[in-house]
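Numbers restart at 1 for each chain; the letters A, B, ... are given by sequence-line order, proteins then strands. Source: prediction; values computed, not measured.
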There are 2 protein chains.
Amino acid sequence: MISCAFLQSTYYLHCNKLYRTVHVNQDNTAMSASKRDILVKKALQVFYRNGFHATGMDMLVTETGVSKTSMYKHFRTKDDLILASLRLRDELFRNWLMRRMEELATTPREQLLAMFDALGEWFDQEDFNSCMFIKAASEYPDPDHPVRASAAEHKRLIKHYLVELGEKAGVAEPAQLARRFLLLKEGAIVTAHIQGSAGVAADARQAAQLILTDACQD
Amino acid sequence: MISCAFLQSTYYLHCNKLYRTVHVNQDNTAMSASKRDILVKKALQVFYRNGFHATGMDMLVTETGVSKTSMYKHFRTKDDLILASLRLRDELFRNWLMRRMEELATTPREQLLAMFDALGEWFDQEDFNSCMFIKAASEYPDPDHPVRASAAEHKRLIKHYLVELGEKAGVAEPAQLARRFLLLKEGAIVTAHIQGSAGVAADARQAAQLILTDACQD
DNA sequence: GCGGACCTGTACCGATCAGTATAGGTTGAG
DNA sequence: CTCAACCTATACTGATCGGTACAGGTCCGC
């Protein structure tokens with residue numbers, strides 16, 4: 001089954017031909033899913049690299065290869081496209097992080113610490129450019145803006161995964177452990193972005209080890 | 001000589017009519033209140049609240065009360081004004097943080113932990129809007145841009161202060177302690193910004209306590 | 001009163017912003 | 001074939017972008 005769960009998905013489950021799959025838009029106009037996928041995927045890259053306000057729709061036309069007319073058929077406003085990009089980013093990043101944590105370690109305790117090994121791999125990728133949601137929140141000062149809600153939801157979902165892992169690991173206060181790990185994670189991302197990635201993930205992992213040991217002693 | 005060291009004051013050093021720039025502030029403190037100082041001070045507030053790309057020069061004219069002609073007399077480009085704002089922010093914020101840490105505690109060990117109490121006060125201020133340098137770095141993707149250098153320097157100076165405090169506290173590896181504390185600090189800032197400030201500073205402080213205890217056992 | 005330092009307001013520049021209008025090309029189903 | 005869905009390119013809107021030009025106002029030491 002080929003489908004794109006990040007693009008309002010269930011409708012796709014009834015389709016057997018991706019190139020002709022039909023997506024029901026906000027205004028009930030039928031659209032080609034593949035073009036839409038290409039647009040969101042490439043827009044995500046441009047927004048991540050270049051920022052949101054600094055990226056104009058004309059730049060997106062040249063960078064994505066999708067005409068402006070099609071863009072505005074798929075998304076009523078630039079903000080809608082941004083939100084779709086953030087939804088995709090949330091899914092891709094969380095899937096990658098969780099998969100990598102589970103690949104790098106076997107026990108829940110080790111998987112928790114492996115988060116920082118995975119982050120270290122991310123920091124060393126040449127296209128690493130901080131967390132897209134931290135950047136998004138930085139550009140949208142209104143706390144009620146949907147972009148901010150998207151960022152909060154992304155962080156909440158990661159925290160939820162860490163809590164689950166903490167429960168599997170049998171720590172006394174998994175919620176507390178998750179909050180502390182998240183502090184180290186966000187701090188490592190920001191520090192690797194501003195100061196450079198050298199040693200940052202290892203520092204965070206060592207600090208996390210202390211916190212985890214303490215959490216298991218309780 | 002009355003001047004503001006944070007405001008790239010060389011231009012005024014050649015001015016022998018400095019008294020013209022001395023005014024009385026709202027709180028009756030005599031300070032250099034030249035148009036340039038007013039401009040940078042208010043521009044800082046607008047950039048911090050509204051972002052860099054999203055703030056146009058025309059908005060700065062209305063928000064600061066300084067004419068556009070004067071702005072471009074003092075600063076050749078918008079970027080120069082942004083950099084001056086960041087220099088001011090660096091000085092104001094670091095001075096505030098260090099002063100508050102030393103007010104809240106007496107011993108170096110307690111002062112280190114008091115950083116998170118000070119951060120907690122900051123998070124609860126209604127105009128708290130994340131770290132200006134994290135936001136600046138988020139908006140300027142080019143790592144060689146002066147804005148990025150300014151952000152890195154700000155973080156470096158704070159780290160340097162933490163290392164000094166760690167040495168005074170007699171910990172075995174003050175540099176390592178400072179790096180770990182900085183991870184918690186940046187993580188707390190980002191988390192308070194995105195998820196809300198409730199409990200964030202306290203979480204960070206508890207984690208810092210564990211790290212500090214470990215550092216003193218060595 | 002004169003000159004210079006410093007400020008203002010207003011109008012303007014070409015470029016770019018988000019978004020729209022219009023016309024036409026391609027594809028596949030019936 | 002026609003029809004409809006979906007795509008393209010181009011041109012355009014009014015607003016705003018960073019930045020400049022120009023004329024004039026105010027204050028000061030001389």
Side-chain angles (χ1 to χ4, degrees), chain A residues 7 11 15-40 42-43 46-47 50-85 139-140 147, chain B residues 7 9-23 32-40 42-43 46-47 50-85 139-140 145 147:
Chain A
L7 292 176
Y11 198 88
C15 302
N16 54 355
K17 290 185 291 180
L18 180 67
Y19 62 97
R20 289 303 291 160
T21 47
V22 171
H23 170 84
V24 177
N25 205 9
Q26 293 150 341
D27 48 352
N28 279 341
T29 55
M31 309 256 160
S32 157
S34 60
K35 264 296 177 191
R36 188 190 175 105
D37 291 0
I38 292 172
L39 170 59
V40 177
K42 294 210 173 182
V46 179
F47 282 134
N50 205 57
F52 299 94
H53 287 103
T55 300
M57 297 303 281
D58 289 301
M59 178 188 292
L60 286 176
V61 170
T62 63
E63 295 273 342
T64 66
V66 177
S67 69
K68 197 187 273 194
T69 316
S70 287
M71 284 185 184
Y72 280 95
K73 278 266 162 48
H74 288 126
F75 301 99
R76 277 176 39 259
T77 65
K78 180 187 178 184
D79 272 13
D80 285 350
L81 176 56
I82 289 174
L83 289 171
S85 298
E139 287 208 44
Y140 291 84
V147 161
Chain B
L7 291 177
S9 56
T10 55
Y11 183 86
Y12 291 99
L13 293 176
H14 306 299
C15 181
N16 57 354
K17 290 182 272 182
L18 190 64
Y19 56 90
R20 289 200 55 211
T21 69
V22 174
H23 294 241
S32 170
S34 72
K35 276 292 172 183
R36 186 189 176 106
D37 291 3
I38 293 172
L39 170 58
V40 177
K42 294 210 174 180
V46 179
F47 282 134
N50 205 57
F52 299 93
H53 287 102
T55 300
M57 298 303 281
D58 290 302
M59 178 189 293
L60 286 176
V61 169
T62 63
E63 295 272 340
T64 66
V66 177
S67 69
K68 198 189 269 194
T69 316
S70 288
M71 285 185 184
Y72 280 95
K73 276 264 163 41
H74 288 299
F75 301 98
R76 277 177 38 258
T77 64
K78 180 187 180 184
D79 271 13
D80 286 350
L81 176 56
I82 289 174
L83 289 171
S85 298
E139 288 208 42
Y140 291 85
H145 194 284
V147 161

Report yes or no: does B/Thr64 contribute a side-chain atom to a donor-acceptor pair with the main-chain N or O of B/Leu60 at less than 3.5 Å?
yes
Just the rounded figure in Å: distance from P of D/dG19 to CG of B/Asp79.
7 Å
So for A/Lys68 and C/dG19, does any side-chain atom that can act as donor or acceptor lie under 3.5 Å from a complementary atom in the base?
yes
Find the distance B/Asp37:CG to C/dC7:C1' and express it as a whole number of Å.
15 Å
Please tell me which of the listed nucleotides, D/dA9, D/dG18, C/dC17, lies nearest to the side chain of A/Asp58?
C/dC17
From CE of A/Met71 across to P of C/dA21 the rounded distance in Å is 18 Å
Spacing of A/Glu139 atom CD relative to C/dC17 atom P, expressed in whole Å
14 Å
Would you say C/dC7 has OP1 or OP2 under 4.0 Å from some side-chain N or O of B/Lys35?
no
Exercise: identify the closest heavy-atom pair between A/Lys78 and A/Thr55:
NZ-O, 2.8 Å
Would you say a side-chain N or O of B/His74 is under 4.0 Å from OP1 or OP2 of C/dC7?
yes
When you measure from the side chain of A/Tyr72, which nucleotide among C/dT8, D/dT20, C/dT20 comes out closest?
C/dT20
Does D/dT8 have OP1 or OP2 under 4.0 Å away from a side-chain N or O of A/Ser70?
yes
What is the distance, rounded to the nearest whole Å, between atom CG of B/Leu60 and atom C1' of D/dG19?
13 Å
Do B/Thr77 side-chain and D/dG18 base share a donor-acceptor contact under 3.5 Å?
no
As a test of reading the structure: which of C/dG19, D/dG18, C/dG9 is closest to the side chain of A/Lys78, going by heavy atoms?
C/dG19
Distance check needed: D/dC6 P versus A/Phe75 CZ, whole Å only.
14 Å
Using atom CD1 of B/Ile82 as one end and atom C1' of D/dG18 as the other, report the distance to the nearest whole Å.
11 Å
Nearest-angstrom distance from the residue atom CZ of A/Phe52 to C1' of C/dC17
18 Å
Is a donor from one side chain sitting under 3.5 angstrom from an acceptor on the other, for B/His145 and B/Asp79?
yes
Passes side chain to side chain contact (heavy atoms under 4.5 Å, CB included), A/Val66 versus A/Val61? Steps please.
CA-CA 5 Å; A/Val66 177; A/Val61 170; over 6 Å; no
What do you reckon, are the aromatic ring centroids of A/His53 and A/Phe47 less than 6.0 Å apart?
no
